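The next block holds one structure in the form of C-alpha cells; read it before the comments.
Protein chains get the first letters and strands the later ones, always in sequence-line order, with residue 1 at the start of each. The structure displayed is predicted, hence computed values, not measured ones.
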There are 2 protein chains.
Amino acid sequence: MSPVKPPPGRPAPAKTTPTIRTVAARAGVSVATVSRVVNGLAPAHSPATQRVRAAIKELGFTPSRLGRGLKTARTSTIGLVIPSLGNPVFAGSVEGVQAAAREAGYGVLLTATNYDPGEEASALETLLSHNVDGLILTVAKADGSALLEDLDGRGVPYVLVFNQPSESHRLAVTVDNVAAARQVVELLKGLGHRRIGMVAGSFTSSDRARLRWLGYDDAMVRAGLKPAPVIEVPFGATDLTEQVRAVLAAPEPPTALFCSTDLIAVAVIGAATRLGLEVPRDLSVVGFDGIAVTAAMRPQLTTIVQPTERMGREAFGLLARLMAAAPDRPDIATPVLLPYELRRGETVGPVPTGRPDLRSPQEAPPG
Amino acid sequence: MSPVKPPPGRPAPAKTTPTIRTVAARAGVSVATVSRVVNGLAPAHSPATQRVRAAIKELGFTPSRLGRGLKTARTSTIGLVIPSLGNPVFAGSVEGVQAAAREAGYGVLLTATNYDPGEEASALETLLSHNVDGLILTVAKADGSALLEDLDGRGVPYVLVFNQPSESHRLAVTVDNVAAARQVVELLKGLGHRRIGMVAGSFTSSDRARLRWLGYDDAMVRAGLKPAPVIEVPFGATDLTEQVRAVLAAPEPPTALFCSTDLIAVAVIGAATRLGLEVPRDLSVVGFDGIAVTAAMRPQLTTIVQPTERMGREAFGLLARLMAAAPDRPDIATPVLLPYELRRGETVGPVPTGRPDLRSPQEAPPG
DNA sequence: CTGAAAGCGCTTACAG
DNA sequence: CTGAAAGCGCTTACAG
C-alpha cells in the first residue's frame, strides 16, 4: 500500500555496522589483535596482521569512537565558542580551527553565544556534557571571568582567541589590540586630523572593543589631542544613522571616526552617505578586523587586518599541546601575539575644509 | 623548582568526575535506580528518588554521553557540512541549525569544504566516524550526487540546505531559486533594461548558481530578451575588475548585471566603481542572498533575501523527525520551500542614457 | 607475538 | 518499585 517503494533491485539496507568482533571473527584472530592492528601496535607484516587488514577493508570497518572513548576518556572532539557567526571575523577563526582540527583527526563542536554572557555559561555546559577534550573560546571578557575560573578549577584545557587577557597564565591567540589602535590614531593624525572620534561595540560584550579604545585614548593623549567620549553601539546594529548624525551635529564634530570593528565601520559609512556626506572627502573612517567584503567595497575600507584563519589554526595548535600534556603541566605553552596589518584603503583622507552642516536649525551658532 | 606554583590555598584539582556508580553509592541505591531517575523513569517522589536527586546535586553529576551512547547507539550529535563560512549566507544557516540543535540537546559538529567536491567526501567521512546521528548538508550539487547516494545506501538521515534537488525524495530546505531569479529579471525589465547580463559563481561548485541562471535564462526568453552568456567567476574572488571590464567593453554591453550571490554583487559594484562607473546611474546591479552587510552599505544592495537562520532551524526540525522515525520510514517529512523577499535597495535604476566608454581604442567603432 | 579477561559508564530486559 | 546482571565497542595490563 505504500505509495513509494524502493526499486526491487536494491535490497533493504539492513547491513549492520561491523564491530571489532566481526573483524576478529572474519580474520580468525582475537579482538585484541584487531585493536593492535588498528592502532599500529601490531607487527607490520605478520600473517595475522595481513588477514586483519584484509578483513577491515572487506567489511569497511571503522572503529567506534564511543567504545574507544569510553576506555580512553577521550573523544577527539573539541568545543568552539564564539559570539556570533554573523561577523565574518569569527567565521575566519572558525575555519582555521576547523581545518587544523580536521587534519589532526578532531571534530569541532560549535556554539554561538550571540554576545550574551549568560549564554556563554550554558553553551559551555552543553559542550562539556558532550565530553569535549578541550575548548577554544572567544568570550565577552577574559579578565576576572567567573566562567574561565570555573574552567581552570575543573582542569579543562582551553585556549582563547581574540580575547587578550592581562593575566598571562591564560593562553590566548590574538593581536596587540592596544598597539593597533594607537597606530590608527597616528595614521589619522599624520593626515592632519585633530578631532578624532571613536565608535565601538559594547564594552561589556567585548573586551577587544575596550582594549582598542584604550589604545585610542592613550594615543590621543600622547599626541596632545583630546579624546572624545566613546560612542558605544550594540552589536548587530546595521543602521547607525542617528548615532552618526548626533556625533556630527556636535559643536566641534570629529573629522575622522575610528570604529572598533569593520561591520561598524561599514554601517558608519552607510550612515554618513545617507546624511549626504562623502567618505573620505567629508569624513575619514577606519575599521578593525579586515573582513573580506570590505576589500571588495569601494571605497575600500581602511582597517587593521587580523590574520583570523591563522589565529584559529594557532589556537588549535596550542590546545593540542595542552591536551597532550599532563594536566598539571599547563605551562607547556605560552600566549601568542600575532602580527596585524594596517591596510591603508581609501576611506581616509585629509581633513575636510568644509562639509555639509548637520546641525539642526536650533543648534546653529549665532551669526 | 617550578617558577609558577598555584596559590597554596587552592588544593590540587584531582577531583575525579562522578559516575553513576558514585551517585548510587552516595544515595545507597543501585545504579539502575540512578539511571531511572536521570531518565525520568523513576517514581517522582519516592524516598530513593529524593536521595538520588540530592546525591546528583551534591556531586555535580552529569551522565557521560559516551556510556549512554555506547548503549543506545546515539550520540546526540549531528554533523553540519557547508561550503565555507566566508560567505555570511552560510553563517546564517549555521546559526539557525546550531540554535535549534542546542535547544534539543544536540551538539553540532561543523565542517567546511571550501567549495571543493573532493573535500565533501572526506568531511563526511570524518563526521560519520564521530558517530553523528544525522547530517545537515550544503553540497556542490544535489542531483546525481554519488555522495548522497552513498548516504542513502547507508541509511544515514540527512537534510539539505540551500541545495534544491529535483528528485523530491531528497529532503531539503531552500527557496525557489528559479522563481526568485525570474523575479529579478522582471524587476530589471520593468525599469526598462533590455540587455541584462549575469555573473555567477562556478556552476560545478553550486547547483544554486545554476538554478538561478536557469531562472534568468527562462525569464529573459519569456520576455523576448536575449540572454547573455553567463560570466562564471570562482568563489572567493574579491577583485572582478577584469571580468567586469571585459563584459562592459563588449559591443552591446549590458546595462544591468544580475549576480548569483551578494558577495559577487559587492565585488562587481567595487569593480564598476574602479572603472569609473557609478551604480546605479551607469549600471544596475542585483545580488542574491541578503547578507546583513549589504543592508548597511550605501547604495544599499538590491537583492533576494533568503531567510537563512530560519532555513537552518527548519532543517534541524526535519532532521529531528527523521532521526526519531524508524529507519524504514524516511517519508515522514517533506521538502520545504521557504519564502524569499526581493529587497528593492538602491543599486538598480533606469537604463543609463550614456556612460563612460570602456571599449579600448582598437575596439572603438568606426567614425 | 597473541589471546583471555577485565573494565570504561551507561541502559534495559528480567526477576522479585 | 527496585536490584543484579548482561552487554554496548573498545583498550590494555597480564599471561603465555
Side-chain angles (χ1 to χ4, degrees), chain A residues 15-56 59-77 105 107 128-133 327, chain B residues 15-56 59-77 105 107 128-133 327:
Chain A
K15 169 182 50 173
T16 164
T17 4
T19 77
I20 197 173
R21 211 184 309 276
T22 333
V23 177
R26 178 88 157 221
V29 298
S30 74
V31 296
T33 300
V34 177
S35 173
R36 291 196 191 97
V37 171
V38 168
N39 294 298
L41 267 32
H45 299 295
S46 81
T49 301
Q50 311 270 29
R51 290 205 309 279
V52 170
R53 273 205 254 273
I56 288 177
L59 262 23
F61 167 71
T62 331
S64 153
R65 295 204 191 230
L66 288 172
R68 176 178 292 175
L70 199 51
K71 213 37 208 166
T72 61
R74 298 238 153 180
T75 54
S76 297
T77 300
L128 257 16
S129 87
H130 277 274
N131 307 288
V132 294
D133 294 341
Chain B
K15 170 183 49 175
T16 164
T17 5
T19 78
I20 197 173
R21 212 184 308 277
T22 332
V23 177
R26 176 91 156 217
V29 299
S30 74
V31 296
T33 301
V34 178
S35 173
R36 291 197 190 95
V37 172
V38 168
N39 294 300
L41 268 32
H45 300 293
S46 82
T49 301
Q50 310 271 29
R51 290 205 308 279
V52 170
R53 273 205 255 272
I56 287 177
L59 262 22
F61 168 72
T62 331
S64 153
R65 296 207 189 227
L66 287 172
R68 176 178 292 175
L70 199 51
K71 208 46 207 168
T72 61
R74 298 235 154 182
T75 55
S76 296
T77 301
L128 256 16
S129 87
H130 277 274
N131 307 288
V132 295
D133 294 341

In what stems does DNA chain D take part, counting only runs of at least 3 consecutive Watson-Crick or G-U pairs whose two distances fall under 3.5 Å?
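Only these stems qualify: C:1-3 with D:14-16, C:5-12 with D:5-12, C:14-16 with D:1-3.
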Quick one: pull up [atom1] in [X] and [atom2] in [Y] and give me the separation to the nearest 0.5 Å.
X: B:Arg65; Y: A:Leu70; atom1: CZ; atom2: CG; value: 15.0 Å
X: A:Ile56; Y: A:Thr22; atom1: CD1; atom2: OG1; value: 11.0 Å
X: A:Lys71; Y: B:Leu66; atom1: NZ; atom2: CG; value: 13.0 Å
X: B:Thr33; Y: B:Ile20; atom1: OG1; atom2: CD1; value: 9.5 Å
X: B:Thr77; Y: B:Asp133; atom1: OG1; atom2: CG; value: 6.5 Å
X: B:Phe61; Y: B:Thr19; atom1: CZ; atom2: OG1; value: 7.0 Å

Report the residues that fulfil side-chain hydrogen bond (donor to acceptor under 3.5 Å, both in side chains) with A:Arg36, sequence neighbours left out, ordered by chain and then residue number.
none
If only side-chain N and O atoms of A:Ser30 are considered, is one of them under 4.0 Å from the OP1 or OP2 phosphate oxygen of C:dA4?
no
Categorize B:Ala48 for me: base, sugar-phosphate, or nothing, with a 4.0 angstrom heavy-atom threshold over every strand shown.
sugar-phosphate
Starting at the 5' end of nucleotides 5-15 of chain C, put B wherever the base has a protein heavy atom under 4.0 Å, S where only the sugar-phosphate does, and a dash everywhere else.
--BBBBBBB--
Please find the pair of heavy atoms, one from A:Pro18 and one from A:Leu59, that lie closest to each other, and give the distance.
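What the structure gives for the nearest pair is CG-O, 3.4 Å.
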